[in-house]
Amino acid sequence: LGAFTLRSRVFATYPVTAGTYSIAVLPLQNLSGDPSQDYFADGMTDALITNLAQSNTLRVISSTSSMRYRDPHKALPDIGRELNVGLILEGSVIRSGNHIRVSAQLVDAENDRHLWARQYDRDLQDVLQLQSELASAVALEVTGKLTSWASRSTTARKVNPQAYEAYLKGEYFLDKWSAERFEKAKGYFQQSIDFDPSFADAYAGLAEYYGVVAFMGVVPPRDAWLTSEDLLNKALEIDNTS
C-alpha cells in the first residue's frame with residue numbers, strides 16, 4: 001500500500017510529458033577514503049545514467065550536466081530547478097579490494113524529501129548485475145513498471161575485475177579532453193581487452209577513443225573512424241545488446 005501511494009504521488013507530481021518522468025543522477029560520492037578511486041565512482045555514475053536512459057518513461061539528464069554537481073554547495077531544490085527535474089538520485093560508493101557497497105536514495109527535488117533508499121553489497125565481478133538491479137529498482141519505483149532490460153539483470157554476466165577497472169580508467173581519462181589523457185585512455189582500454197578479450201565494453205571504449213581523436217583531428221580521421229567502426233562491430237558480435 002505504501003509503495004502504491006508513493007508511486008501515485010510521483011506519477012501526479014513529476015510528469016514531463018505524457019508518461020515521462022524527469023530525473024537527474026548526481027555524481028556518486030567516493031567514500032573509500034582514497035581520491036585515486038574517484039574514477040570508479042564516476043564510472044558507476046555513468047553506468048547508472050546509461051541504464052536509466054534506456055527507459056522510455058524516464059527523461060534522464062546527461063552526465064555532462066550532472067557532473068557539475070560533484071561537490072554540490074547548493075540545496076537539492078535549487079539543483080532540481082537548474083536542471084529542470086522533479087527527482088534526484090544521489091548516493092555513494094565504497095570500495096575495498098573487490099568488494100563494493102553502493103548506497104542510493106531517490107529525492108523529491110522540490111521539497112527535498114526522501115522517497116526511497118537502498119543499499120547494495122557486491123563483489124566487483126558482479127558489478128554489471130548491480131548496475132542493472134539499481135537502475136531497475138529506480139525505474140520501477142518511479143514509473144511502476146519494469147523496463148525492457150530489467151529482466152536481464154538477474155542473468156547479467158560476471159566481469160573480470162581487472163578488465164572492468166582498466167575500462168573505467170579508460171573512460172575517466174577520455175573525459176579529460178587532452179592529447180596526453182587520450183593516450184592514457186587508449187592504453188587502459190587496450191589493457192582491458194587484454195585482461196578479458198570477451199568484454200564488449202572494452203571494445204566499445206576503444207572505439208570511443210578512436211572516434212574522439214578522429215573528431216578532434218588528433219590522428220588522421222579516416223583511418224581512426226574505420227578502426228572505430230571495426231571495434232564497434234566486434235563489441236556487437238560479443239554482445240548484441242551492447
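None of these values were measured; they are calculated from a predicted model. What you see below is based on every heavy atom in this structure, not just the backbone, and it leaves out hydrogens, waters and symmetry mates.
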Report task. Mind running side-chain contact (heavy atoms from CB on, under 4.5 Å) on Q191 and K169 for me, showing each step along the way? Result -> CA-CA 10 Å; Q191 193 178 96; K169 288 180 178 178; over 6 Å; no
**Report entry** CA sep, side-chain torsions, deciding dist, call: D230, K234, side-chain contact (heavy atoms from CB on, under 4.5 Å)
**Finding:** CA-CA 6 Å; D230 288 342; K234 178 67 175 177; over 6 Å; no
Report task. Starting from the C-alpha separation in whole Å, work towards a yes-or-no answer on side-chain hydrogen bond (donor to acceptor under 3.5 Å, both in side chains) for D123 and N98. Result -> CA-CA 6 Å; D123 288 330; N98 283 340; over 6 Å; no
Report task. Show your working on side-chain hydrogen bond (donor to acceptor under 3.5 Å, both in side chains) between Q37 and S32 and close with a plain yes or no. Result -> CA-CA 7 Å; Q37 290 292 313; S32 301; 5.4 Å; no
Query raised in the report: Does the side-chain contact (heavy atoms from CB on, under 4.5 Å) test come out yes or no for V138 and I23, once each step is laid out?
Result: CA-CA 10 Å; V138 172; I23 185 170; 3.9 Å; yes
Requested in this report: Kindly indicate, with the supporting measurements, whether the criterion side-chain contact (heavy atoms from CB on, under 4.5 Å) is fulfilled by E180 and F173.
Outcome: CA-CA 9 Å; E180 180 184 357; F173 283 109; over 6 Å; no
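Between R70 and L26 the shortest side-chain heavy-atom distance does not fall below 4.5 Å. Under the 4.5 Å side-chain criterion, counting only non-hydrogen atoms from C-beta, Q105 is not in contact with R118. When side chains are defined from C-beta on, L206 counts as touching K186, because their heavy atoms get closer than 4.5 Å. Contact annotation: the side chain of E208 approaches that of L174 to within less than 4.5 Å [non-hydrogen atoms, C-beta and beyond].
Residue V159 is grouped with residue I238 when hydrophobic side chains (ILVMFWY) are merged at heavy-atom distances under 4.5 angstrom, including chains of intermediate members. The hydrophobic clustering, which links ILVMFWY residues whose side-chain heavy atoms are closer than 4.5 Å, places Y120 and L89 together. Both M216 and Y209 are part of a single hydrophobic cluster, where members link through side-chain heavy atoms under 4.5 Å apart. Following chains of ILVMFWY side-chain contacts shorter than 4.5 Å, one cannot reach M67 starting from L87, and the two form parts of different hydrophobic clusters. No chain of hydrophobic side-chain contacts below 4.5 Å, direct or via other Ile, Leu, Val, Met, Phe, Trp or Tyr residues, connects L226 to Y203.
Qualifying side chain to side chain contact (heavy atoms under 4.5 Å, CB included) partners for P77, counting only residues two or more places apart in sequence or in other chains: A75, R81, D112. Listed by chain and number, the residues in a salt bridge (charged side-chain N to carboxylate O under 4.0 Å, His left out) with R101 are D121 (sequence neighbours excluded). The ring-ring contact (aromatic ring centres under 6.0 Å, His included) test applied to Y39 returns no partner, not counting sequence neighbours. By the side chain to side chain contact (heavy atoms under 4.5 Å, CB included) test, N233 pairs with E229, sequence neighbours left out. For the salt bridge (charged side-chain N to carboxylate O under 4.0 Å, His left out) test, no residue two or more places apart in sequence or in another chain qualifies with R181. In terms of the ring-ring contact (aromatic ring centres under 6.0 Å, His included) criterion, Y172 has no residue partners (sequence neighbours excluded).
Summarising the geometry of Y167 relative to F189, their closest heavy-atom pair is O-CE2, 3.6 Å, with the distance given to 0.1 Å. Scanning all heavy atoms of the two residues, the minimum distance from A202 to S192 falls at CB-OG, 3.3 Å. Closest non-hydrogen pair, G170 versus A185, comes out as O-CB, 3.2 Å. In this structure, A109 and G80 approach most closely via the heavy-atom pair CB-CA, 4.1 Å. In terms of heavy-atom proximity, L28 sits nearest to S92 at CD2-N, 4.0 Å. Scanning all heavy atoms of the two residues, the minimum distance from D194 to P197 falls at O-CD, 4.2 Å.
Taken to the nearest 0.5 Å, the OG atom of S66 stands 9.5 Å off from the CG atom of D46. Residue L106 holds its CG atom at 5.0 Å from CG of L115, rounded to the nearest 0.5 Å. Between the CG atom in L52 and the CZ atom in R59 there is a gap of 13.5 Å [rounded to 0.5 Å]. Note that OG of S228 and CG of D223 are 12.5 Å apart. Values are rounded to the nearest 0.5 Å. Rounded to the nearest 0.5 Å, atoms CD1 (I61) and CG (L83) are 5.5 Å apart. In this structure, the separation between OH on Y188 and CD1 on I193 is 15.5 Å, given to the nearest 0.5 Å.
For the residue pair Y69/E82, the side-chain donor-acceptor check at 3.5 Å is satisfied.
Electrostatic pairing of E165 and R95 counts as a salt bridge here, judged by a charged N lying under 4.0 Å from a carboxylate O.
Between the side chain of N30 and the backbone N or O of D34, at least one donor-acceptor pair lies under 3.5 Å. Of the possible donor and acceptor atoms, one in the side chain of D196 sits under 3.5 Å from a partner among the backbone N and O of S198.
Each of L134, I49, V102 was checked for a side-chain contact (heavy atoms from CB on, under 4.5 Å) with M44, and the lone residue meeting it is V102.
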